[in-house]
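So the structure is just underneath, and the comments pick up after that.
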Amino acid sequence: MTHHEPSVLLRPMVEADLPYLAEPAGEFDDFGLPPRTQVHLTSFESDGGLTVEVGGECAGSVSWHWTSWGPGPLSRTVMIGIGLRESYRGRGIGTLAQQLLVDAVFRGTSVNRVEAHTDIENHAEQRALEKVGFTQEGVVRGGQWRAGAYRDGYLYSILRAEWALRQAATLAGWSP
Ligand SMILES: CC(C)(COP(=O)(O)OP(=O)(O)OC[C@H]1O[C@@H](n2cnc3c(N)ncnc32)[C@H](O)[C@@H]1OP(=O)(O)O)[C@@H](O)C(=O)NCCC(=O)NCCS
C-alpha cells in the first residue's frame, strides 16, 4: 500500500451525524435511517452503532447486533455491519473501522466469535473482511431482504483466538 493510512475513529453517534448518515444509499446499504436509539449508545450490552469519524468528519457508521447459536450466554455472538458515505470508500477506511470494531467487541464482551454477513456481489466488503482476518464460512441463501428482493450472502467469522494471534503478530512486526 502506497497511500497514507487514514486516521479512523469510532465514536458515539450524535444528532449532527444524522444528515450525513441519511445520505442517499448505494447498492448494498439501503436499509433506511439508523434507529434513534443508537444515538449516544456506548456499550456492547445491546445492539447499537458508532459513527466512523475521519479527519473530524462523519464518514459513515458501524453497527452490531447480538445473535445466538444455542441456549445459554456462551453461544451468543455479535454480528457487525458497516456503511461508509460514498466519498469515503476505497481508501482503506472500511478495513480500519472494522478492525477497530472487532477489537472493541472482543475487549468489551466475552464472545468467542464475531460475525459478518455480506451480499455475494459485494466484493469490496468481502475483501475488507478478509483483510481484517475474517474467514468465509458459507452461503446464507435468501436471508437478507434488500431493495425489493431476498438476497444470498456470505457468512464470515473471526474467532477470539484468531484475533489474538493477529494482534500478537502485528506487535511482533509480522503481517499475517
Ligand atoms: C464495503 C465498504 C465498507 C468497504 O470499505 P472501503 O473503505 O470502501 O474498503 P477499503 O478501502 O478498506 O478496501 C478493502 C479492499 O476492498 C477492495 N475494494 C474496494 N472497493 C472495491 C470494489 N468496488 N470491488 C472490489 N474490491 C474493492 C480494495 O481494493 C481493498 O482491497 P486491497 O487492499 O486488496 O486492494 C464500503 O465500500 C461501503 O461502505 N460500501 C457501501 C456499503 C456497504 O456495502 N456496506 C457493507 C454491507 S455488508
Side-chain angles (χ1 to χ4, degrees), residues 1-13 17-35 38 44 47-67 77-105 111 113-158 162-163 166-167 169-170 174-176:
M1 205 158 31
T2 48
H3 63 269
H4 189 64
E5 224 171 54
S7 123
V8 178
L9 177 76
L10 300 184
R11 60 154 173 80
M13 288 179 185
D17 297 332
L18 290 178
Y20 298 108
L21 300 177
E23 275 178 355
E27 196 184 353
F28 296 111
D29 58 351
D30 192 3
F31 301 104
L33 268 176
Q38 289 183 349
F44 291 110
D47 301 350
L50 291 167
T51 289
V52 179
E53 188 181 293
V54 176
E57 299 283 323
C58 168
S61 65
V62 292
S63 64
W64 62 89
H65 65 266
W66 286 88
T67 65
T77 139
V78 167
M79 180 168 283
I80 66 166
I82 184 168
L84 295 180
R85 296 168 64 197
E86 200 140 14
S87 56
Y88 287 91
R89 295 177 196 167
R91 292 154 51 182
I93 295 165
T95 303
L96 276 169
Q98 289 177 105
Q99 274 169 353
L100 290 173
L101 184 60
V102 166
D103 193 56
V105 171
V111 293
R113 62 185 253 139
V114 173
E115 300 180 351
H117 170 271
T118 193
D119 197 287
I120 56 167
E121 291 174 4
N122 193 342
H123 304 292
E125 176 64 353
Q126 288 163 34
R127 182 74 191 117
L129 289 171
E130 279 153 17
K131 288 182 77 178
V132 173
F134 280 84
T135 296
Q136 191 186 101
E137 296 184 320
V139 178
V140 178
R141 296 177 306 139
Q144 187 174 86
W145 175 265
R146 179 178 55 80
Y150 281 109
R151 310 286 174 167
D152 293 347
Y154 289 124
L155 180 64
Y156 282 84
S157 75
I158 183 162
E162 292 168 347
W163 183 249
R166 285 182 80 88
Q167 298 303 94
T170 306
W174 176 72
S175 185

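Counting convention: from 1, in listed order, for ligands and their atoms alike.
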With respect to [X], determine whether any N or O atom, backbone or side chain, lies less than 3.5 Å from an N or O atom of ligand 1.
X    : result
R127 : yes
N122 : yes
T118 : no
G92  : yes

Given S63, A59, G94, S61, identify the one with the heavy atom nearest to atom 7 (O) of ligand 1.
G94

Among A128, G90, G81, closest by any non-hydrogen atom to atom 6 (P) of ligand 1
G90

Under the side-chain hydrogen bond (donor to acceptor under 3.5 Å, both in side chains) test, residues paired with R85 that sit two or more places apart:
E23

Taking only heavy atoms of R91 into account, list the atoms of ligand 1 that are under 4.0 Å away from them.
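Ligand 1 atoms under the 4.0 Å threshold to R91: 11 (O).
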
Taking non-hydrogen atoms only, is K131 closer than 4.0 angstrom to ligand 1 via side chain, backbone, both or neither?
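For K131, only side-chain atoms sit under 4.0 Å from ligand 1.
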
Which is it for D119 and ligand 1 at heavy atoms under 4.0 Å: side chain, backbone, both or neither?
neither

Which one of E162, E137, E115 satisfies the side-chain hydrogen bond (donor to acceptor under 3.5 Å, both in side chains) criterion with S157?
E137

List, one per line, each side-chain donor-acceptor pair under 3.5 Å for residues 50-58, sequence neighbours excluded.
unit_1 : atom_1 : unit_2 : atom_2 : d
T51    : OG1    : D17    : OD2    : 2.6
E53    : OE1    : R11    : NE     : 2.4

